[in-house]
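For clarity, every value in this text was computed on a predicted model and none was experimentally measured. Both ligands and their constituent atoms are indexed starting at 1 by order of listing.
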Amino acid sequence: MTISRTGIGFDSHAFSDGGTLMLGGVKFDGIPALKGHSDGDALLHAVIDALLGAAGQGDIGQLFPDTSPEIKGLSSSKMLAGALDRVRAAGFAPVHVDVVVVAERPKLAPSREKIVSSLSRALGLSGTDVSVKGKTPEGLAWFGKGGGIAVWASATLVPSR
Ligand code: MG
């Protein structure tokens, strides 16, 4: 019997005044970048924490300390690749990832397929094994005022050996 393990992840970042939003490895023209030590991709950060949690490998802050000058401006896709290396070295392989993005902007639906395909490629999964859902917070909470984006993710792993 294969014992699967599930991890959860959360991240939120505020919008900055300029730049271009990166979310799930996809660029959103016309939407400002999220603030962050790296490129601020809250979706990938939540997925990284879900993966690391499921593998019992700590969290994103331990793997990529925000005090580290090497992390400054680092692409979150590279951070995801590093986290996947750690997960695989611990003897696990991802089989499913589910994501909820809570944001007033951008509207996710038009770019959902792009994010799913970018994420499934990065994770080595098929598109049906990666799910991304967008929700508007209906004006509730700080991100509900359009000030930023909050993301929840879960990741399911199976032993790879
Ligand atoms: Mg983050």
Side-chain angles (χ1 to χ4, degrees), residues 5-90 92 94 96-108 111-112 114-123 125 130-137 140-157:
R5 297 162 61 119
T6 297
I8 61 169
F10 169 81
D11 197 25
S12 63
H13 284 254
F15 286 114
S16 63
D17 295 328
T20 303
L21 174 67
M22 285 295 292
L23 196 66
V26 172
K27 216 171 182 184
F28 284 77
D29 290 322
I31 306 283
L34 294 171
K35 286 180 195 165
H37 192 66
S38 65
D39 64 8
D41 192 326
L43 193 156
L44 293 190
H45 296 177
V47 168
I48 288 168
D49 257 354
L51 290 165
L52 293 174
Q57 293 297 308
D59 64 30
I60 190 170
Q62 288 174 287
L63 201 53
F64 304 104
D66 63 9
T67 48
S68 160
E70 288 118 70
I71 306 304
K72 197 156 173 53
L74 183 67
S75 117
S76 297
S77 301
K78 289 208 172 112
M79 294 166 75
L80 177 58
L84 270 172
D85 286 345
R86 177 67 71 94
V87 164
R88 289 181 179 127
F92 297 101
H96 182 254
V97 165
D98 195 10
V99 177
V100 183
V101 177
V102 185
E104 295 287 359
R105 59 176 175 154
K107 293 294 173 212
L108 219 66
S111 303
R112 185 211 298 250
K114 250 185 174 172
I115 295 176
V116 167
S117 86
S118 159
L119 205 48
S120 55
R121 209 176 318 117
L123 293 165
L125 296 175
V130 174
S131 156
V132 175
K133 301 182 290 289
K135 299 288 288 181
T136 55
L140 300 168
W142 62 266
F143 48 86
K145 317 274 191 267
I149 293 178
V151 184
W152 284 259
S154 77
T156 304
L157 310 179

Worksheet item: So does Asp41 have any N/O/S atom less than 2.8 Å away from the Mg ion (ligand 1)?
Response: no
Item to complete: Could you tell me the angle subtended at the Mg ion (ligand 1) by ND1 of His45 and NE2 of His13, rounded to 10°?
Response: 100°
Worksheet item: Hey, which N, O or S atom on Asp11 ends up closest to the Mg ion (ligand 1)?
Response: OD2
Worksheet item: Hey, are Ser76 and Asp39 close enough side-chain-wise for a donor-acceptor pair under 3.5 Å?
Response: yes
Discussion item. Distance to the ring centre below 6.0 angstrom and angle to the axis at most 45 degrees; does that hold for Arg86 and Phe92?
Written reply: no
Worksheet item: Does a donor on one side chain and an acceptor on the other come within less than 3.5 Å for Asp11 and His13?
Response: yes
Worksheet item: Looking at side-chain heavy atoms only, is the closest gap between His45 and Ser12 below 4.5 Å?
Response: no
